[in-house]
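Okay, structure first, notes after.
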There are 2 protein chains.
Amino acid sequence: MPQTQILSRNQKIVLDIIEKAKGPLKAYSILFNVQKKGINAPQQIYRALDKLIEMGKIHKIESKNAFVACRSSDCEISKATAFSICESCEMVDEISDAKLSKYLSGFNYRKGMKFKRFNLEFFGICKKCKKD
Amino acid sequence: MPQTQILSRNQKIVLDIIEKAKGPLKAYSILFNVQKKGINAPQQIYRALDKLIEMGKIHKIESKNAFVACRSSDCEISKATAFSICESCEMVDEISDAKLSKYLSGFNYRKGMKFKRFNLEFFGICKKCKKD
DNA sequence: TAACAAACGTTATATTATAACACTATGATA
DNA sequence: TATCATAGTGTTATAATATAACGTTTGTTA
C-alpha cells in the first residue's frame with residue numbers, strides 16, 4: 001500500500017469535482033459536470049467512484065446515494081464512518097470523533113459476529129436551517 | 001397515535017411477506033412475490049413500504065436497498081436503528097442494545113446540530129459464513 | 001349525506017447502477 | 001525482447017431502483 005495513491009486521469013477528474021463541491025454529489029450530476037472533459041458514460045463515473053471509495057478518498061452517503069470527499073485524514077481505508085445529515089438543506093458533515101469511533105469499533109454484539117466496518121448516519125436540522 | 005396501527009390491505013400483504021422472509025427483501029422481489037395477490041405495480045409496493053417504515057414496522061437497510069421487519073418491539077417510530085450485516089451471506093440482524101442506543105441518542109457533535117434520528121450499519125462475516 | 005383524507009390502480013418515466021466487450025498503457029518477468 | 005498480467009479506458013446496452021401524475025375507491029367523521 002503506497003502512502004500516496006496515484007490516481008488515474010478519470011479518478012482525478014471525479015475526485016476534483018467532489019472535493020470542490022459544497023455538498024454531496026450524485027453520480028449523474030458528476031457525469032453532467034464532466035462531459036466537457038470527455039467523460040461520456042455512467043460506467044466511467046462509477047468506476048472512478050468505486051476506486052476512490054476503496055482508497056478512502058471519498059465516502060458514499062448511503063441514505064442519499066451521493067458522494068462526499070473524505071475530510072478526515074485518518075480514514076485512508078474507511079472502516080469507520082459517521083456523518084451528520086441535515087434533512088432540510090441536505091448538508092452533510094463528516095463526523096470525526098475519536099471517542100465515538102473507538103466506542104463503535106470496539107462494539108461487539110452478543111450474538112456474535114466480529115465487525116470489520118461500520119457506517120453511521122445521524123439526521124436532524126442544521127443550525128442554519130433552524131434559523132429560517 | 002394509536003398503539004395498534006391499522007394496516008390497509010396492501011400494507012398487510014407487504015408486511016406479511018417481509019415478516020416471513022429470512023433475510024432482507026428488495027422492493028421488486030416483493031413485487032414479483034405478490035403479483036398473484038393482485039398487486040401489479042412498483043408504486044403499490046413503494047407506497048406500502050413508505051407507510052410501514054413510518055409506522056416502524058419495517059426498516060430499510062440503506063446499504064442494500066432492502067427491507068427487513070422490525071424485531072425490536074421498542075422502536076415503533078424508528079429513530080434509532082442499528083444493524084449487523086454479513087458481507088458474505090447478506091444476512092441482516094437488527095441490533096437492539098440499550099447501551100448503544102442510549103450512547104448514540106445522547107451523542108451530540110460539537111459542530112452543533114441536534115440529532116433526531118440515526119441509522120448504524122455494521123459489516124462483517126457472520127459466524128456461519130466463517131466456518132465455510 | 002357531504003366532505004375529506006387515505007389508500008388504491010394504472011401508465012409512464014426518472015434515477016441509479018451494472019454487464020459485456022473491445023481497446024490501450026504499463027510494468028513485471030521469463 | 002517477447003509475452004503476460006494488471007489496471008484503466010471508451011462505448012453500447014440494459015438492469016434495478018424509485019417516483020410523478022392522474023383519476024378512482026374506500027373509510028371516517030362532521
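Computed from a predicted structure; not experimentally measured. Just so it is clear, the values below take in all heavy atoms, side chains as well, and ignore hydrogens, waters and symmetry mates.
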(request) Would you kindly compare A/Asn40 and A/Tyr28 by the position of their nearest DNA chain D nucleotide and give the one closer to the 5′ end? (result) A/Asn40
(request) Round to the nearest Å and state the distance from A/Ile30 atom CD1 to C/dT15 atom C1'. (result) 14 Å
(message) Check this one for me: any side-chain N or O of B/Tyr46 less than 4.0 Å away from OP1 or OP2 of D/dA18?
(response) yes
(message) Less than 6.0 angstrom separating the ring centers of B/Phe83 and B/Phe122, yes or no?
(response) no
(message) Check this for me, if you would: do B/Arg117 and A/Glu121 make a salt bridge, where the nitrogen-to-carboxylate-oxygen distance has to be below 4.0 angstrom?
(response) no
(request) Establish, with yes or no, whether the OP1 or OP2 oxygen of D/dA16 is under 4.0 angstrom from a side-chain nitrogen or oxygen of B/Lys26. (result) no
(request) Would you indicate, yes or no, if C/dT18 has its OP1 or OP2 atom less than 4.0 angstrom from a side-chain nitrogen or oxygen of A/Gln43? (result) no
(request) Examine D/dA7: is either OP1 or OP2 under 4.0 Å from a nitrogen or oxygen in the side chain of A/Ser8? Give yes or no. (result) no
(message) For A/Arg47 and A/Ser29, find the nucleotide of DNA chain C closest to each by heavy atoms; which residue's nucleotide sits nearer the 5' end?
(response) A/Ser29
(message) Rounded at 0.5 Å granularity, tell me how far OH in A/Tyr103 sits from CG in B/Leu100.
(response) 5.0 Å
(request) Rounded off to whole Å, could you give me the CD1-to-P distance for the B/Ile13 and C/dA7 pair? (result) 15 Å
(message) Using ring centroids (six-membered ring only for Trp), state whether B/Phe123 and A/Phe115 fall under 6.0 Å.
(response) no
(request) Using only side-chain N and O atoms of A/Asn65, determine if any of them is under 4.0 Å from OP1 or OP2 of C/dT15. (result) no
(request) Measure from NZ on B/Lys64 to P on C/dT18 and round the result to the nearest Å. (result) 13 Å
(request) Rounded to the nearest angstrom, tell me the gap between atom CG in A/Asp50 and atom P in C/dA17. (result) 10 Å
(request) Look at the side chain of A/Ala41 and decide which nucleotide, out of D/dT12, C/dA17, C/dT11, has an atom nearest to it. (result) D/dT12
(message) Rounded to whole Å, how long is the line connecting atom CD1 of A/Ile6 with atom C1' of D/dG8?
(response) 13 Å
(request) To the nearest Å, give me how far apart CG (B/Leu15) and P (C/dA7) are. (result) 14 Å
(request) Figure out the CD1/P separation between A/Ile53 and C/dT16, and round it to whole Å. (result) 15 Å
(message) Under 4.0 Å, heavy atoms only, any strand: does B/Arg9 hit a base, just the sugar-phosphate, or nothing?
(response) sugar-phosphate
(message) Counting only side-chain nitrogens and oxygens, does B/Gln44 get under 4.0 Å of the OP1 or OP2 atom of C/dG9?
(response) yes
(message) I'd like to know if B/Lys64 and A/Glu62 make a salt bridge, using a cut-off of under 4.0 Å between side-chain N and carboxylate O.
(response) no
(message) Is A/Asn10 close enough to D/dG10 that one of its side-chain N or O atoms is under 4.0 Å from OP1 or OP2 there?
(response) yes
(message) If the cut-off is 4.0 Å, is A/Lys51 near the phosphate of D/dA7, judged by side-chain N/O to OP1 or OP2?
(response) no
(message) Once rounded to the nearest 0.5 Å, what's the spacing between atom OH of B/Tyr46 and atom CG of B/Leu31?
(response) 9.0 Å
(request) Ignoring backbone atoms, test whether B/Lys60 places a side-chain nitrogen or oxygen under 4.0 Å from the OP1 or OP2 oxygen of D/dA18. (result) yes
(request) Could you tell me the separation between the CD1 atom of A/Ile39 and the P atom of D/dG8, rounded to a whole number of Å? (result) 14 Å
